[in-house]
Peer 1: 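Below are the structure tokens for one structure; questions will follow.
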Amino acid sequence: MLTRISTRIRIYRLAFFAVWFIIFGGFFGHACAQGDQRPQTDLRGPIRSEQFTVNRTADGIFATGLTYRPFPESAFTAHWIGMDPVRYPDQQLTRGPWYGKRKEGSAYMIKFKKLLRLDGDPVSANIRISADIKYRLFVNGVMVSRGPAAMACDYGDGMIPLQWYYDQFDSRHAFKKGLNSIAVEVRTTDGAGSSSTTGNAGLIMEAGLVLQSGKRVTVATDPSWVCDTSKSYLRDLAIDATRETDGWYTDTAYDPSWSHAVLIPETIAATWKLTESELPQMMETLVFPTQIRFYDTGGKTLSTQTASVFPIDLPASPVPQKIRLEFDRLYTGYLGMKLTGRSGTKLFLEAAETRGSSAGEIHYTMRDGVQTYESPALTDAKYVDVTITNPDAALTIDEIALDFSTFPVGYAGSFHCSDPMLNELWKNIRWIVQQNMQTYHMDSPIHQEPTCDAGDYMIESLINYYTFSSPLLVKQDLRKIASLLGKTKDRMFHTSYMLLWLQMLLHYYDYTGDKALLRELSPAVYGLLAQFHSYLGHEGIITRAPNYMFMDWGDLYGRSFHHPPASWGQAYMTAFYYKGLLEGSRLAGAIGQPAKSAEYTGEAARVKAAFAATLFTEKTGLFNNGIYGASTVKPYDWMPEDTAITYQLPYQNILAVLYGLAPRGDDQHVVRQAISQKEINMSPYFMYFVLEAIAQAGRFDDLGFAQMQRWKDISNNPVGLREGWAAGDFSHAWGGAPAYEMSSKVLGVVPSKPGFAEVTIAPHTGSLEYASGEVATPRGPVTVDWRRSDTAFTIKTSNPKGMPVVFFLPLYKNGEVIVNGKKVFSGNKVSGKETGKEIDIKTKVKSTDDFGKQLEISAPGGVYTIVIR
């Protein structure tokens, strides 16, 4: 609980503030101790989960003891309920960002309630719940869940999702012996781009409780529930608390003015095709501002206070009072507050990532007395500007806090090296990616774009594996997008992102070894590749695509790379299709369909030959961007008029190197030309492909490290990851590729067989003196610690038993190799085996490698110290 000062001291302070304000025309605040504990009836989070414990350190917030306990499958006994259409004719439909029937301006929120008497305390309470569009569930005044998980949707697809997620969890801590209040608020308007709706408002919930006596009790939505609309809900994020009394979510009596809920007709209820979300509840905890600034009406700073800042007592003022709250870092969550004041006092809160930006707002009009409010909208904030209009009475801001919320992750990976910039960058990227791990991998908490943006999520998922090891969230994302492809018949807004979904699926397989998901989603893969096959022109490359989105942010000659002219996107899209064919072949082979695998391999060979024949320019050694006039698609919003202007764009050339389309031996030339051009500044998003192509060309030690220095400003001023180098929001995780590169290239840890059945450790040193860290795998952690000098290279590693390891290490000229204290190689001669273990020693010359010679060592799982000198 927040420590409160005595009433007498508060009166004296109020008097002091009033005099001070009259004299100086300003105001000031005072502080008290802050805590994370809330009263049991507070209408705010954080939500407590039975599945993990929340921990906080200087590095961040993470979960420990995380367990995924699947619930037994059973049919719903509950029914979808809604409001009586006779009494509430205007409260039947929803309005979502992409699909909704309700007219603009008819925002409303429904309150549902059910009282339940229990003979004893529960030992378990399995709750299943969903709503259209969003819900918040309270049991005895305690918020126990919010949801449902984000559905599969695309930009403006205007279609009902093929599955509707319900959340499932245990909330035994919220119920008690005696009379219990179950209250649910359902929002029927939601501005988040990731939101979907059937167009109809509804709620479904059931709770199966087991009491200490062994007695089983079930409560489910049916016409015995009561409901009403919220009178205080003016529009989304605008609340007038004077319009209704508080306590509906805690009262243990029914309000006679409410009506009984009605069963939603089966013809409508059938549109919600219920599917269990396999995700746990989100991890939540309170974070408080660490600094407060008070401003006068002209914006001049009157005073600054640090450390504990609440409660803040403000005298009545004839002019609006302004304060700015600042957090120690960027946080994602739900903005909430507790206030004590007079009816009619108004507060306007605006969250921001940086000074002058806007990430969300709240308009709140107070009623008399103590009251609480938490925004139902997820936002991202480092600053919160508050404008208070209270001409008639004093106001106490007991607290303003952010209910931090992300997918529950443990900090499973680590990285540290001799470059402080890279160390800070790795941690900063981990933090921003975590902010975007909600019920799907978001592009950013500011935009919350649809679940179709697989280009963003593919990069985030790779970072996820190496920093959190949370493939469960990736698995649900993959299923969502496969569902979306089924709904749209293999057409998505961003055409290239469909093929990146396929890459994301194979990355998941490489990390987990989960063949079952490959088999489950193989029909979506085959349908996708068939669709792209239909885009091939007579030239053998893709010239008939409906558009060529998304290449990158930026433009050239006034034409956007977001949706480029056909001849600027054909090579780019063909490169992704070629990679998709290779991945499709690998998938088919993994699930035992050799004929399908051979079919894709054959088509890939034909596409590769056509790519070289139609696009490669001998004079420059680069690939053209496409063929002017080859497209037969008429121009429209996302396909501008084609242009005869040719440019050997860096995009298709980078992909040509990365996917093996560039002529053998020319890859270094192509990479150097692509990254040295000045007209196009490839975005942080596309830099993932750049860094991977540099590694593929064998130049990570010089070019890769040099490119990662482009993120230097982020480490020096770690607000977050910006969408572009100098534009966009600061919580855009698609620009976090260096974290993946540091773990997979600098530490050098990658799976050489799916599911880490075998691991490769091939560190790149650049100019670093040392690097160390850990990579979590499904079979256990792999640790690496290497150090180098002009005369020696030493690496210490450990990996689980049963996980063979293949090392690729620098070989010093005429040197020697010592493995676990035994010399096994000297003067280019193998001198034997390590005692008790089979060690296969090979040397390998790679002309593209800066070391000239590379040592390959194959060994069983275990602990190794290897010295090369």
Side-chain angles (χ1 to χ4, degrees), residues 36 45-72 123-128 143-150 165-174 276-287 331-333 378 403-415 427 430-442 457 460-479 508 511-514 517 733 739 743 755-756 773-783 800:
D36 277 14
I47 291 170
R48 169 187 165 187
S49 175
E50 303 284 353
Q51 293 180 278
F52 51 82
T53 301
V54 182
N55 301 268
R56 191 183 312 192
T57 67
D59 279 344
I61 300 170
F62 56 93
T64 54
L66 184 60
T67 57
Y68 296 108
R69 296 192 296 271
F71 293 93
V123 294
S124 67
N126 178 22
I127 296 177
R128 296 192 288 181
M143 190 188 298
V144 298
S145 181
R146 61 176 105 233
Y165 285 113
Y166 66 86
D167 303 319
Q168 186 165 206
F169 49 88
D170 186 346
S171 281
R172 59 184 178 272
H173 64 275
E276 179 189 357
S277 170
E278 295 183 350
L279 306 180
Q281 292 175 287
M282 296 297 100
M283 173 177 66
E284 298 189 7
T285 189
L286 291 180
V287 291
Y331 289 98
T332 296
L378 189 74
D403 183 358
F404 174 81
S405 175
T406 72
F407 187 85
V409 296
Y411 287 173
S414 63
F415 178 84
K427 290 191 293 185
R430 179 180 65 179
W431 180 250
I432 296 302
V433 170
Q434 181 179 349
Q435 311 301 293
N436 283 276
M437 292 173 64
Q438 300 294 326
T439 58
Y440 74 108
H441 286 86
M442 290 181 172
Y457 314 148
E460 291 176 51
S461 65
L462 289 170
I463 302 166
N464 169 352
Y465 300 145
Y466 280 81
T467 55
F468 307 118
S469 185
S470 294
L472 183 63
L473 184 59
V474 182
K475 185 177 184 179
Q476 186 145 301
D477 282 350
L478 290 166
R479 283 174 163 160
Y508 168 84
Y511 184 78
T512 65
D514 184 357
L517 189 67
S743 296
F756 278 90
E774 180 174 301
V775 172
T777 81
R779 296 170 181 258
V782 175
T783 64

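Counting from 1, the numbers follow the sequence of the chain as shown.
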Peer 1: Checking Asn464 side chain against Ser470 main chain: does a donor-acceptor pair fall under 3.5 Å?
Peer 2: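 Yes, the answer is positive, given that a donor and an acceptor are paired below the 3.5 Å cut-off.
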Peer 1: Would you find a donor on one side and an acceptor on the other, under 3.5 Å apart, between the side chain of Arg779 and the backbone of Phe756?
Peer 2: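 Flag set: sc Arg779 to bb Phe756 pair under 3.5 Å.
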Peer 1: Considering non-hydrogen atoms only, spot the tightest contact between Gly410 and Phe62 and give its length.
Peer 2: CA-CB, 4.4 Å
Peer 1: Can any side-chain N or O of Asp170 pair as donor or acceptor with the backbone N or O of Ala125 at less than 3.5 Å?
Peer 2: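 Between the backbone of Ala125 and the side chain of Asp170 there is a qualifying donor-acceptor contact (under 3.5 Å).
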Peer 1: Has the side chain of Glu50 got a donor or acceptor atom that lies under 3.5 Å from a matching backbone atom of Ser124?
Peer 2: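 No, the answer is negative, given that no donor and acceptor are paired below the 3.5 Å cut-off.
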Peer 1: CE/Met437 to CD1/Ile463 distance, rounded to the nearest 0.5 angstrom?
Peer 2: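 Rounded to the nearest 0.5 Å, the CE-CD1 separation comes out at 10.5 Å.
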Peer 1: Could you pull out all residues at least two apart from Lys427 that satisfy salt bridge (charged side-chain N to carboxylate O under 4.0 Å, His left out)?
Peer 2: Asp59, Glu424
Peer 1: Supply the atom-to-atom distance Leu66 CG to Phe407 CZ, rounded to the nearest 0.5 angstrom.
Peer 2: 7.0 Å
Peer 1: Please name the pair of heavy atoms, one in Ala174 and one in Val144, separated by the smallest distance, quoted to 0.1 Å.
Peer 2: CB-CG1, 3.5 Å
Peer 1: So do the side chains of Asn436 and His441 get within less than 4.5 Å of each other, counting heavy atoms only?
Peer 2: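 A side-chain contact under 4.5 Å is absent here.
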Peer 1: Find out whether Met143 and Asp403 are in side-chain contact, i.e. whether some heavy atom of one side chain is under 4.5 Å from a heavy atom of the other.
Peer 2: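 No, their side chains stay 4.5 Å or more apart.
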Peer 1: If you round to the nearest 0.5 Å, how far is CD of Glu460 from OH of Tyr440?
Peer 2: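 Interatomic distance, Tyr440 OH to Glu460 CD, rounded to 0.5 Å: 9.5 Å.
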Peer 1: If only atom types and distance count, is the side chain of Asn55 paired as donor or acceptor with the main-chain N or O of Thr53 below 3.5 Å?
Peer 2: yes
Peer 1: Once rounded to the nearest 0.5 Å, what's the spacing between atom OG1 of Thr332 and atom CD1 of Ile432?
Peer 2: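 If we round to the nearest 0.5 Å, Thr332:OG1 and Ile432:CD1 are 7.0 Å apart.
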Peer 1: Do Tyr465 and Thr512 have side-chain N/O donor and acceptor atoms under 3.5 Å apart?
Peer 2: no
Peer 1: Any side-chain heavy atom of Lys475 within less than 4.5 Å of one from Tyr508?
Peer 2: yes
Peer 1: Give the intermediate values and the outcome of side-chain contact (heavy atoms from CB on, under 4.5 Å) for residues Val54 and Glu284.
Peer 2: CA-CA 8 Å; Val54 182; Glu284 298 189 7; over 6 Å; no
Peer 1: Check the pair Phe468 / Val433 against side-chain contact (heavy atoms from CB on, under 4.5 Å), numbers first and verdict last.
Peer 2: CA-CA 10 Å; Phe468 307 118; Val433 170; 4.2 Å; yes
Peer 1: Identify the heavy atoms of Pro280 and Gln51 that sit nearest to each other, and give their distance.
Peer 2: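 Heavy atoms of Pro280 and Gln51 come nearest at CB-OE1, 3.3 Å.
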Peer 1: With heavy-atom distances below 4.5 Å as the criterion, would you say the side chains of Leu279 and Tyr165 are in contact?
Peer 2: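 Result no, sub-4.5 Å side-chain heavy-atom pair not found.
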Peer 1: In terms of side-chain heavy atoms, does Asp167 have a donor or acceptor partner in Gln281 at a distance below 3.5 Å?
Peer 2: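 On atom types as modelled, these side chains do not qualify, holding no pair under 3.5 Å.
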Peer 1: Search all heavy atoms of Val474 against all heavy atoms of Ser461 and return the closest pair with its distance.
Peer 2: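 Scanning both residues completely, I find the closest heavy atoms to be CG2-CB, 3.7 Å.
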Peer 1: Between Arg56 and Ile61, is a side-chain contact (heavy atoms from CB on, under 4.5 Å) present by the stated rule, with each step listed?
Peer 2: CA-CA 4 Å; Arg56 191 183 312 192; Ile61 300 170; 3.8 Å; yes
Peer 1: Give, for atom CG of Asp477 and atom CG of Leu472, the distance between the pair rounded to the nearest 0.5 Å.
Peer 2: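 Here the rounded value is 10.0 Å.
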Peer 1: Which value, rounded to the nearest 0.5 Å, describes the distance between Tyr511 atom OH and Leu462 atom CG?
Peer 2: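 These two atoms lie 11.0 Å from each other.
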Peer 1: Gln438 side chain to Met282 main-chain N or O, any donor-acceptor pair under 3.5 Å?
Peer 2: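 Judged by distance alone, no pair lies under 3.5 Å.
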Peer 1: Specify the closest pair of heavy atoms between Gln476 and Ser277, including all atoms of both residues, with the distance to one decimal.
Peer 2: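 Between these two residues, the closest heavy atoms are NE2-OG, 3.0 Å.
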Peer 1: Looking at every heavy atom in both Ser469 and Ala776, which two are closest together, and how far apart are they?
Peer 2: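 Closest approach of Ser469 to Ala776, heavy atoms only: CB-CB, 3.7 Å.
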